[in-house]
There are 2 protein chains.
Amino acid sequence: MDEAAGRTRSERLAAEIAEAIVTGALAPGSRLDEQAIADQYGVSRTPVREALRHLGSSGLVEVRPRRGAVVAQVTADQLAELFVAMGEIEATCARLAAQSMSPLERRRLDALHDAMGDLARGGDLAAYAQANTAFHGAIYAGAHNGVLLDFAAGLRRRLQPYREAQFRLSGRLARSHAEHSAVVAAILAGRAAEAHAAMLRHVTLVESSVEGLLAREVTGERRAARPEGPRSRSG
Amino acid sequence: MDEAAGRTRSERLAAEIAEAIVTGALAPGSRLDEQAIADQYGVSRTPVREALRHLGSSGLVEVRPRRGAVVAQVTADQLAELFVAMGEIEATCARLAAQSMSPLERRRLDALHDAMGDLARGGDLAAYAQANTAFHGAIYAGAHNGVLLDFAAGLRRRLQPYREAQFRLSGRLARSHAEHSAVVAAILAGRAAEAHAAMLRHVTLVESSVEGLLAREVTGERRAARPEGPRSRSG
DNA sequence: GCACCGGAAATTGCATGCAACTTGGTAAGA
DNA sequence: TCTTACCAAGTTGCATGCAATTTCCGGTGC
């Protein structure tokens, strides 16, 4: 039946709404009407409210007191900040991983990296993207720090839509794999500072390539999405 | 009178409960009975539930589905992870601050640091602790990254109880100020890598001094595992 | 004596209802 | 025509009530 029986309705709602957001089914800026969502899922407003609050504290939705919730509107500035933070956290995890990964973890990272080389040469975008998530996840885990792991995972989820777009660029796969090679080599050799630098360089390049896409999307976007309201975003 | 009039009851409740936790009025592990809290604050359970969920996602309380909420129980291992993460984030902010602080921000940081020198020499623990929060906050802000700022502020709040204990140690004030000097000098000169290293060293020293206190506190309450987890797994 | 089992109390999760606030639209006045 | 006041509709915040689950406690069997 429902294998999620142990979880509460609000948890399942939060998971479903989050899925709808990261997959793009709910566009940024969309209003999240409590009653409408409640009707849609056949529950009352109470668990919907809890789910929205939960997503609010994870940054996926923006809850404004007495004014309802909307799918988090990521401005260009905020996206840049997210990418910088992501890069720094990933680089930190890479440095810690170089210091404290177990031999088994290192072997697995190496094997995963090798397998991704085949995927990159084969040009399988979807498979590479999935393996890429596992690759970065392995490095987060290798840092042996649950706090950083949670933070990195949350950031990655928020950046998921923008990150996927980046792989559509031709030639990014081989380049991504080459950058990974530098990271893996440093981690396997235990060269912490080098692992940090290599990962930071990698994510910074991802960021700059995404920024190109974003510039087109944000500035050239038609009114179809209808952002909630042009609030003065001077900062 | 009530300057929090614009905020909702659940927000005020969250702030008050958080205050009670970080000040130690609510001990770690305490059960947080919804009805009891509701009666205590003269509200219904609904806003209490929302406040508890909010605090749950910030890490201050642990909410277990269908089993109620308790003040987050921080084990020795988790505390170590929190300090490591805090140190890495602070160091990252220091490096970014060295790169991107405005001249005004640098002057203000320098002035604050000077003022803290007087407080340290005067031995005013409370004033120094307050200024210390402002000092680190200035560096978070100097990184010009709201994501890292939020993360650092959240971590700092969770570590607040343990951090305060550390200042009670004699001689820590002068030592703290000396370590700050290295950080400030690097930031003002724009030496990013040096700022990173100096801040990491500073926070690591704070961590090790707190670990001594914690060892006594934790073992006094309940027999805990060895403070240093087995990093290299045998098997 | 100890483990196991069953029922009652307590507590959480959710549904429903109402009041307060926000918002969109309309009309009056300058 | 633009601004402002106001009113109505819609939405959120909160209180209350009920059902489901957990927890506690006493009894029973081994």
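Below, all heavy atoms of this structure are taken into account, side chains as well, without hydrogens, waters or symmetry copies. Chain naming here is simple, since letters A, B, ... match the order of the sequence lines and numbering starts at 1 in each.
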How does protein contact run along nucleotides 13-22 of chain C, one letter per nucleotide 5' to 3', with B for base contact, S for sugar-phosphate only, - for none, heavy atoms under 4.0 Å? BSBBB--BSS
Residues passing the side chain to side chain contact (heavy atoms under 4.5 Å, CB included) test with A:Asp124, sequence neighbours excluded, are A:Ala126, A:Ala127
Side chain to side chain contact (heavy atoms under 4.5 Å, CB included) filter on B:His144, not counting sequence neighbours, yields B:Ser100, B:Glu105
Do the ring planes of A:His136 and A:His202 sit parallel (below 30°), tilted (30 to 60°) or perpendicular (above 60°)? parallel
Whole-Å distance between C:dT11 P and B:Arg31 CZ? 7 Å
Presence of salt bridge, A:Glu50 and A:Arg9, under 4.0 angstrom: no
Please report the closest heavy-atom contact between A:Ala14 and A:Leu55, naming both atoms and the distance. O-CD2, 3.7 Å
